[in-house]
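Below is one structure, written out as structure tokens; comments come after it.
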There are 2 protein chains.
Amino acid sequence: MDIVATTKTYVMGERTFYALREVSLQVEHGEFVAVVGPSGSGKSTLLNLIAGIDRPTSGEVWVGGRRIDTLSENALARWRGSQVGVVFQFFQLLPTLTVLENVLLPMQLRSLWGGSVDRGRAGAVLERVGMSSHLHKLPSELSGGERQRVALARALANDPPILIADEPTGNLDTATGGDVIRLFREQHEAGKTVILVTHERRLANVASRRVRMLDGRIQAGDGPLTE
Amino acid sequence: MDIVATTKTYVMGERTFYALREVSLQVEHGEFVAVVGPSGSGKSTLLNLIAGIDRPTSGEVWVGGRRIDTLSENALARWRGSQVGVVFQFFQLLPTLTVLENVLLPMQLRSLWGGSVDRGRAGAVLERVGMSSHLHKLPSELSGGERQRVALARALANDPPILIADEPTGNLDTATGGDVIRLFREQHEAGKTVILVTHERRLANVASRRVRMLDGRIQAGDGPLTE
Ligand SMILES: Nc1ncnc2c1ncn2[C@@H]1O[C@H](COP(=O)(O)OP(=O)(O)OP(=O)(O)O)[C@@H](O)[C@H]1O
Ligand SMILES: Nc1ncnc2c1ncn2[C@@H]1O[C@H](COP(=O)(O)OP(=O)(O)OP(=O)(O)O)[C@@H](O)[C@H]1O
Ligand SMILES: [Mg+2]
Ligand SMILES: [Mg+2]
């Protein structure tokens, strides 16, 4: 993965907000990277560009040897469906689908181009995140941490090579959060590329390196968090 | 505040989910209480009953010498508007109102019964949470942590005697979270009653006591968190 001199701005009236300023970042296949930094520093924006959810104002985004920021909407959706699993900061579960249906959906979308829909795998992934007694509930009938775990299960549905997560333990207590951290380590040990945003020291220090952000720029230094 | 043998259940087909089971809890005026416990243990459900956002299946909820679970919708909304400030676990900012408008709204609602709308105070509260350079943005134009801080500012708009917050630092980095913790301490030192859910040890241990929940019940012991 190669982010080359990427900027993201938002124009509001006469003002221009800079979410990212000339950011460059290389991540090797199979690496585990944690992105840390203050609120508003550009972490989610960076993740959205890497996941192909948003496009940069200028610069280039290459993932898996392919340039993705110039792909058409259709090609980008197809690429995402098979290459990337994303856990959004606020989950974005489909409110009218049950827990199980939300996890089956990425499989159904991918089956349009040849994948298979596997209920057994969907159930197993939900069991792995401790949610198998809530399969037929709607997102509105779950607690905050339960929704977060369903969002994680959905990101794993197609067993993608790249896993991108934005504060995946933000709504979880220490014990439940510990379970989720173990899951990310297992994904990494299975050879997946894992890129996540976290402000939790435990999780940040499990990654192979840290990328520190401040006011839309990447800072020097990738050592463990100490405070 | 007095919660008396309160149960909350959800019936789904033949199954009944117990979110709270015969919970009793007393909180003195001016106390600072932190509610902790695993994901799905009933923390948000308890807070929603105390804040008058939801009603129990059985039991009684008394706040400030008044029984609130039997109030009419109108009376409950009026009571909430002047007595309680709530920071929801997922913010619930109004998407079509700007940051400043979201904070002015509780004042405007209260002015129906005699309060005043004070733009100066709204600006000051937003300054206090570090959001004064985003006043005219919509919630969709903010980062996760920025939205959380706007939700906190809104809860303080009417300077209520009771402040209820559900994971108020869940989306914040250590430094920004530290600022928010200081704000809760200031509210407590000013004589407000503060009841919040958190899984963050720092914040839980700043409270005067902790209430531990598990599977819808309150556990014994209110000492500091150690792990
Ligand atoms: N409308 C509903 N229908 C069925 N079950 C529900 C409903 N709302 C909540 N629940 C269940 O009640 C339990 C308690 O939920 P609550 O939101 O209080 O948990 P919590 O302690 O706040 O958890 P978290 O830390 O994950 O936010 C959960 O297991 C949840 O699935
Ligand atoms: N549509 C938009 N219009 C204007 N500004 C925006 C927009 N989207 C994001 N921003 C700004 O870009 C900056 C970076 O946002 P981003 O969501 O990447 O931050 P973050 O590091 O993820 O923060 P947090 O830890 O609070 O989630 C923020 O200051 C935000 O206000
Ligand atoms: Mg973010
Ligand atoms: Mg909750």
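Since we're looking at a predicted model, the values are computed, not measured. Numbered from 1 within each chain, the chains take letters A, B, ... in sequence-line order.
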Review point. How long is the span from the OG1 atom in B/Thr176 to the NE2 atom in A/His199, to the nearest 0.5 Å?
Key: 10.0 Å
For atom [atom1] of [X], is the number of surrounding heavy atoms from other residues, nucleotides or ligands below 6.0 Å larger than 12?
| X | atom1 | value |
| --- | --- | --- |
| B/Arg202 | CZ | yes |
| B/Arg209 | CZ | yes |
| B/Tyr18 | OH | no |

Contact origin within [X] toward chain B - heavy atom pairs under 4.5 Å:
| X | answer |
| --- | --- |
| A/Lys43 | neither |
| A/Glu167 | side chain |
| A/Thr45 | neither |
| A/Gln148 | neither |
| A/Phe90 | side chain |

Taking every non-hydrogen atom, the tightest pair across [X] and [Y]:
| X | Y | value |
| --- | --- | --- |
| A/His136 | B/Met12 | O-CE, 4.2 Å |
| B/Ser143 | A/Gly40 | OG-N, 3.6 Å |
| A/Ser39 | B/Asp173 | N-OD1, 2.7 Å |

Practice item. Let me know if B/Glu141 has heavy atoms under 4.5 Å from chain A in its side chain, its backbone, both or neither. Key: side chain
**Study point:** Contact class of B/Phe88 relative to chain A, heavy atoms under 4.5 angstrom
**Key:** neither
Check your understanding: With side chains defined as the heavy atoms from C-beta onward, is the minimum distance between B/Asn171 and A/Gln89 less than 4.5 Å?
Key -> yes
Review point. Taking the six-membered ring of B/Tyr10 as reference, does the NZ or CZ atom of A/Lys137 fall below 6.0 Å from its centre and within a 45° cone about the axis?
Key: no
